[in-house]
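To start, the structure under review is shown below, and the notes come after it.
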Amino acid sequence: MSGEVTARTAPTRVWQRWEWARPVRPTTRQVLRAAPSTETDAPPILFVADIHDPGGAAALQAWLGAAAEAGHLAAAVSPRGLGATVRPGPRFAVTRREWVHDVVQEAAALPRRAVLVGRGTGAWVVAHALHRYPAAAAVLIDPVGLPGRRMPGLSVLLNRPRLGATLLLGRDPRLPAVSPPLLFASADGGEHKALSALAVRYSAQSEWLSAAGGALPDPAPILAWLGTALPALPAGA
């Protein structure tokens with residue numbers, strides 16, 4: 001496995017028509033990468049950091065290593081204002097649109113259609129990115145900001161009011177007409193019922209993960225699910 005940490009101002013690769021008149025401001029994004037020792041047909045995976053992950057994408061290095069060991073090119077991104085990704089202008093003014101933009105641009109930078117994986121607020125961003133990026137699959141781990149899974153507490157509302165108001169409302173994301181394979185996963189023992197309800201709501205599957213003391217859950221069940229949910233893709237697809 002090889003590792004790479006990049007901080008760059010990447011070009012915008014995916015546009016919506018109305019964004020030409022009101023583009024998202026560019027920023028230098030923190031992106032970590034891990035590559036498998038040999039090239040495989042497995043799709044790349046983009047992990048999206050949670051607002052509570054210390055260091056943003058740097059907190060997901062265990063996931064990067066596990067994905068690379070399983071044969072996936074893996075990357076992790078910190079949306080602006082998290083980790084080493086700066087947000088032009090005041091931090092409290094960051095919006096969901098900017099976070100979705102950061103995720104979509106990094107997904108489009110990968111060599112093939114990627115699997116999007118997010119935890120907490122990262123899962124919320126992934127859910128909203130699916131109508132803009134044709135993901136090969138998506139995994140939402142302990143998502144917040146969705147129906148029945150509102151963001152707990154008021155700290156995010158006080159520190160980032162434009163994001164916090166949306167997270168507290170818990171509304172449905174806009175999903176594509178044909179959704180990719182979708183998995184809801186949870187390591188929170190008290191929220192299995194809520195996650196199961198979300199899985200039914202979005203015609204998805206649900207999975208129970210193991211974790212202790214707030215640590216990152218074991219990604220092995222997620223990687224195993226990808227092996228069964230996605231058909232083998234030819235190299236270069």
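Residues take their numbers from the sequence shown, with the count starting at 1. Predicted model, so just to flag it, every value in this text is computed and none were measured.
For the residue pair Trp225 and Glu207, no side-chain donor N or O sits within less than 3.5 Å of a side-chain acceptor on the partner.
In this structure, OH in Tyr133 is found 8.0 Å from CG in Leu46, a value given to the nearest 0.5 Å. How far OG1 of Thr121 is from CG of Asp142: 11.5 Å, rounded to the nearest 0.5 Å. Taking CZ from Arg119 and OG from Ser186, the interatomic distance works out to 11.0 Å, rounded to the nearest 0.5 Å. Atom CZ of Phe47 and atom CG of Leu32 lie 11.5 Å apart (nearest 0.5 Å). Once rounded to the nearest 0.5 Å, the distance linking CG of Leu140 with CG of Leu183 reads 8.0 Å. Summarising the geometry, atom CZ belonging to Arg132 is positioned 10.0 Å from atom CZ belonging to Arg174; distances are rounded to the nearest 0.5 Å.
In terms of modelled atom types and a separation under 3.5 Å, the side chain of Trp99 and the main chain of Val126 share no donor-acceptor contact. In this structure, the side chain of Ser78 does not engage the main chain of Ala84 through any donor-acceptor pair within 3.5 Å. A donor-acceptor pair is defined here as one N or O able to donate and one able to accept, closer than 3.5 Å; no such pair exists between the side chain of Ser206 and the backbone of Phe184.
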Check against side chain to side chain contact (heavy atoms under 4.5 Å, CB included), Ile141 and Ile222 = CA-CA 10 Å; Ile141 304 170; Ile222 294 171; 3.4 Å; yes

Decide side chain to side chain contact (heavy atoms under 4.5 Å, CB included) for Leu130 and Tyr202; before the verdict, give the C-alpha distance in whole Å, the side-chain angles of both, and the deciding distance to 0.1 Å.
-> CA-CA 13 Å; Leu130 290 179; Tyr202 299 125; over 6 Å; no

His72 and Leu223: side chain to side chain contact (heavy atoms under 4.5 Å, CB included), yes or no, with the steps?
-> CA-CA 9 Å; His72 297 269; Leu223 298 172; 4.2 Å; yes

Using the salt bridge (charged side-chain N to carboxylate O under 4.0 Å, His left out) rule, take Arg80 and Asp102 through it: C-alpha gap first, then chi angles, then the decisive distance, then the call.
-> CA-CA 7 Å; Arg80 63 190 64 201; Asp102 292 338; 2.7 Å; yes

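Shown here for Pro54 and Ala59, the closest heavy-atom pair between the two residues is O-CB, 3.4 Å. Across all non-hydrogen atoms, the minimal contact from Ala49 to Gly56 is CB-C, 3.6 Å. Scanning both residues, Arg113 and Pro134, for their nearest heavy atoms gives NE-O, 2.8 Å.
Looking at Glu98, Arg96, Arg97 one by one, the single match for side-chain contact (heavy atoms from CB on, under 4.5 Å) with Val94 turns out to be Glu98.
Legend: salt bridge (charged side-chain N to carboxylate O under 4.0 Å, His left out) pairs involving residues 58-68, not counting sequence neighbours: none detected.
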